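For reference, the structure discussed in these notes is given below.
Since this is a predicted model, take the numbers as computed values, not measurements. All chains are named by letter (A, B, ...) in the order of the sequence lines, taking the proteins before the strands, and each is independently numbered beginning at 1.
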Protein chains: 2
Amino acid sequence: MATTKKRSECPISCSLDVWGDKWSLLIIRDLMILKQCTYGDFLKSDEKIATNILAARLLMLEENGIISKSNHPDSKAKVLYKLTLKGIDLLPLMIEINLWADKYSILPADRKSILEEIKKDKEGFIKNAKSELKKVI
Amino acid sequence: MATTKKRSECPISCSLDVWGDKWSLLIIRDLMILKQCTYGDFLKSDEKIATNILAARLLMLEENGIISKSNHPDSKAKVLYKLTLKGIDLLPLMIEINLWADKYSILPADRKSILEEIKKDKEGFIKNAKSELKKVI
DNA sequence: ATTTGTACTTGCAAAACGCAAGCAAATTTA
DNA sequence: TAAATTTGCTTGCGTTTTGCAAGTACAAAT
């Protein structure tokens with residue numbers, strides 16, 4: 001897979017060139033929630049991504065420095081995917097998506113309770129969540 | 001165009017179902033910068049969206065309550081597209097994308113200067129920009 | 001030694017994309 | 001006032017991407 005050509009110099013456009021498809025942010029979401037995922041973990045998510053699409057997205061996200069692969073401590077057959085610093089820095093963006101969705105649609109109860117926590121102290125939540133994610137890098 | 005089926009109840013996934021493709025956020029970007037756009041204005045953007053894709057996205061964004069169409073004051077041949085409140089509320093997200101891009105890539109000079117302003121007072125910038133956008137609704 | 005688990009790859013049909021051309025109504029120009 | 005241009009799309013069609021199912025290679029468990 002060659003490097004995708006960028007459509008313009010616009011930061012929004014360039015960002016979308018990296019993670020602006022239907023699946024990448026869901027992969028990143030899983031990593032933000034679970035901290036570390038195996039290939040199989042991603043497949044378990046509700047959206048049911050196809051295995052070939054998952055493989056392609058993981059490769060592209062890795063090529064773009066958003067995620068990294070590492071050995072699973074328990075087994076040589078497993079692979080651990082994690083967010084890089086660059087990936088972790090997408091957390092504020094992810095939170096804004098949640099806040100927007102919260103304003104215009106009905107969220108599942110578990111998400112709703114986290115959102116309430118975020119709304120009380122957004123900066124504090126981000127700082128804490130980022131530091132949790134950095135622990136496993 | 002029928003209503004797109006949602007892949008899960010996840011707020012991230014549902015949001016992506018609405019604007020999570022390669023073009024929608026660029027259309028929204030144009031509207032945030034220009035406040036109001038004609039069909040032709042969108043076509044002028046650097047990324048060179050195809051006319052059929054543009055028409056499809058505008059319809060889908062309108063169906064999802066992100067943008068609205070109105071008559072152009074100068075001409076019956078022209079159409080004015082604007083952001084709705086729901087669309088305007090994507091501004092914080094758009095800003096976070098810019099901040100992320102600023103951190104990990106080189107921005108064009110004009111964007112860079114706005115970003116510096118945003119970094120000084122993010123909340124103030126958002127409040128002001130939102131109110132500017134609401135003026136033309 | 002055989003079965004199961006894990007991380008992918010491959011084949012193929014269906015859908016989406018992207019380019020070019022076409023079109024109807026409004027507007028401008030001659 | 002007739003012709004040309006602008007504007008906002010639509011249509012056809014070849015190319016690319018997606019998505020489902022099946023297959024494969026290696027590790028691990030039985």
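- At distances below 3.5 Å, at least one donor-acceptor pair connects side-chain atoms of A:R7 with backbone N or O atoms of B:K22.
- From B:L83, atom CG reaches atom CG of B:L31 across 4.5 Å, with rounding to the nearest 0.5 Å.
- With hydrophobic clusters built from ILVMFWY side chains whose heavy atoms lie under 4.5 angstrom apart, B:I49 does not share a cluster with B:M60.
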Identify the pairs formed between an N or O of the protein and an N or O of nucleotides 27-30 of chain D at a distance under 3.5 Å, and give each distance.
| unit_1 | atom_1 | unit_2 | atom_2 | d |
| --- | --- | --- | --- | --- |
| D:dA28 | OP1 | A:K76 | N | 2.8 |

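- Following rounding to the nearest Å, A:K69 (NZ) and C:dT6 (P) show an atom-to-atom distance of 16 Å.
- At least one side-chain nitrogen or oxygen of B:Y81 sits closer than 4.0 Å to the OP1 or OP2 atom of D:dC9.
- In this entry the distance linking CG of A:L54 with P of C:dT6 reads 15 Å, nearest Å.
- Panel note: side chain B:D121, backbone B:E117; no donor-acceptor pair is recorded below 3.5 Å.
- Taking atom CG of residue B:L59 and atom P of nucleotide D:dG8, one finds them 16 Å apart after rounding to whole Å.
- Listed by chain and number, the residues in a side chain to side chain donor-acceptor pair (under 3.5 Å) with A:E116 are A:K119 (sequence neighbours excluded).
- Using modelled atom types and a 3.5 Å distance limit, the side chains of B:D41 and B:T38 yield a donor-acceptor pair.
- For B:N98 (side chain) and B:I95 (main-chain N/O), no donor-acceptor pair under 3.5 Å exists by modelled atom type.
- Protein atom CG of A:L43 is 14 Å distant from nucleotide atom P of D:dA21, rounded to whole Å.
- A donor-acceptor pair under 3.5 Å is formed between the side chain of A:S15 and the backbone N or O of A:P11.
- Side-chain heavy atoms closer than 4.5 Å link hydrophobic residues (I, L, V, M, F, W, Y) into clusters, and following such links, even through other members, never connects A:L85 to A:L80.
- The interatomic distance linking B:L80 (CG) with D:dG8 (C1') rounds to 13 Å, in whole Å.
- Applying a 4.0 Å cut-off to non-hydrogen atoms, the residues of residues 25-42 of chain A that approach DNA chain C are A:T38, A:Y39, A:G40, listed by residue number.
- Within a 6.0 Å radius of CG in A:D110, other residues, nucleotides and ligands contribute more than 12 heavy atoms.
- One atom, NZ of B:K78, and another, C1' of D:dT6, lie 9 Å apart when rounded to the nearest Å.
- Here A:D46 pairs with B:S8 under the side chain to side chain contact (heavy atoms under 4.5 Å, CB included) rule; sequence neighbours left out.
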Between the protein and nucleotides 21-23 of chain C, list every N/O to N/O distance that falls short of 3.5 Å.
none

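- B:Y39 places a side-chain N or O within donor-acceptor distance of the main-chain N or O of B:T51, the cut-off being under 3.5 Å.
- Using a 4.0 Å cut-off between charged nitrogen and carboxylate oxygen, A:R57 and A:D21 count as a salt-bridge pair.
- The interatomic distance linking A:M60 (CE) with D:dT18 (C1') rounds to 14 Å, in whole Å.
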Grab the N/O contacts between the protein and nucleotides 14-18 of chain C below 3.5 Å, and write none if there aren't any.
| unit_1 | atom_1 | unit_2 | atom_2 | d |
| --- | --- | --- | --- | --- |
| C:dC17 | OP1 | B:R57 | NH2 | 2.7 |
| C:dC17 | OP2 | B:R57 | NH2 | 3.1 |
| C:dG18 | OP2 | B:W23 | NE1 | 3.1 |
| C:dG18 | N7 | B:N52 | ND2 | 3.1 |

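- Of the possible donor and acceptor atoms, none in the side chain of B:K6 sits under 3.5 Å from a partner among the backbone N and O of B:D17.
- In this structure, A:K48 places its NZ atom 18 Å from C1' of D:dT18, rounding to the nearest Å.
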